[in-house]
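Notes for the one structure printed next.
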Amino acid sequence: MATLIELQAYKGRLERAVYSGSRRLRDQNGEEIEFRSQSELKSALAALDREISNLSQPSPQAVRFNTSKGL
């Protein structure tokens, strides 16, 4: 699983590819990735945004239950 910092760095590379009109980018391992279209690249960016958002939200530290006896 990638860290939040790694995902944010990858997001930056994806954004540069989208804004430059390129469909290719190099990942952190040096491997080149070629997307079939700009829309596929934008979909990958949207999925990455969701993952970053999920990792950025703090996890609940406690859960409180309120119960009552209904008579």
Side-chain angles (χ1 to χ4, degrees):
M1 182 82 186
T3 66
L4 181 59
I5 292 170
E6 291 169 332
L7 291 175
Q8 289 169 331
Y10 188 59
K11 178 184 175 187
R13 290 194 295 274
L14 275 175
E15 287 174 329
R16 283 190 292 281
V18 167
Y19 298 128
S20 72
S22 175
R23 293 179 310 154
R24 292 182 184 175
L25 71 124
R26 209 170 282 287
D27 69 7
Q28 70 250 14
N29 298 325
E31 295 178 26
E32 190 170 278
I33 301 167
E34 183 172 357
F35 292 88
R36 289 179 281 201
S37 65
Q38 277 287 314
S39 63
E40 183 181 46
L41 191 115
K42 288 176 183 178
S43 292
L45 184 57
L48 189 57
D49 276 337
R50 286 190 299 275
E51 185 66 27
I52 289 171
S53 177
N54 289 339
L55 288 175
S56 298
Q57 295 177 0
S59 317
Q61 299 298 315
V63 177
R64 182 179 296 170
F65 293 98
N66 290 325
T67 60
S68 64
K69 276 187 160 177
L71 296 175

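These values consider heavy atoms only, across backbone and side chains, with no hydrogens, waters or symmetry-generated copies.
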Short side-chain to backbone donor-acceptor contact, [X] and [Y], under 3.5 Å:
X: Ser53; Y: Asp49; answer: no
X: Gln57; Y: Ile52; answer: no
X: Glu6; Y: Ala2; answer: no

To the nearest 0.5 angstrom, please state how far the [atom1] atom of [X] sits from the [atom2] atom of [Y].
X: Ser56; Y: Glu51; atom1: OG; atom2: CD; result: 9.5 Å
X: Leu45; Y: Arg50; atom1: CG; atom2: CZ; result: 10.0 Å
X: Leu7; Y: Leu14; atom1: CG; atom2: CG; result: 10.5 Å
X: Gln8; Y: Thr3; atom1: CD; atom2: OG1; result: 8.5 Å

Taking every heavy atom of Ser22 against every heavy atom of Leu41, the minimum-distance pair comes out as O-CD1, 4.3 Å

Can you give me the closest heavy-atom contact between Ser37 and Ser39, atom names plus distance?
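Where Ser37 meets Ser39 most closely, the heavy atoms are OG-OG, 2.9 Å.
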
Just wondering, do Val18 and Phe35 contact through their side chains at under 4.5 Å, heavy atoms? no

- Query: Can you hop from Tyr10 to Tyr19 via hydrophobic side chains spaced under 4.5 Å?
  - Reply: yes

Sorted by chain and residue number, the salt bridge (Lys or Arg N to Asp or Glu O under 4.0 Å) partners of Glu34 (sequence neighbours excluded) come out as Arg23, Arg24

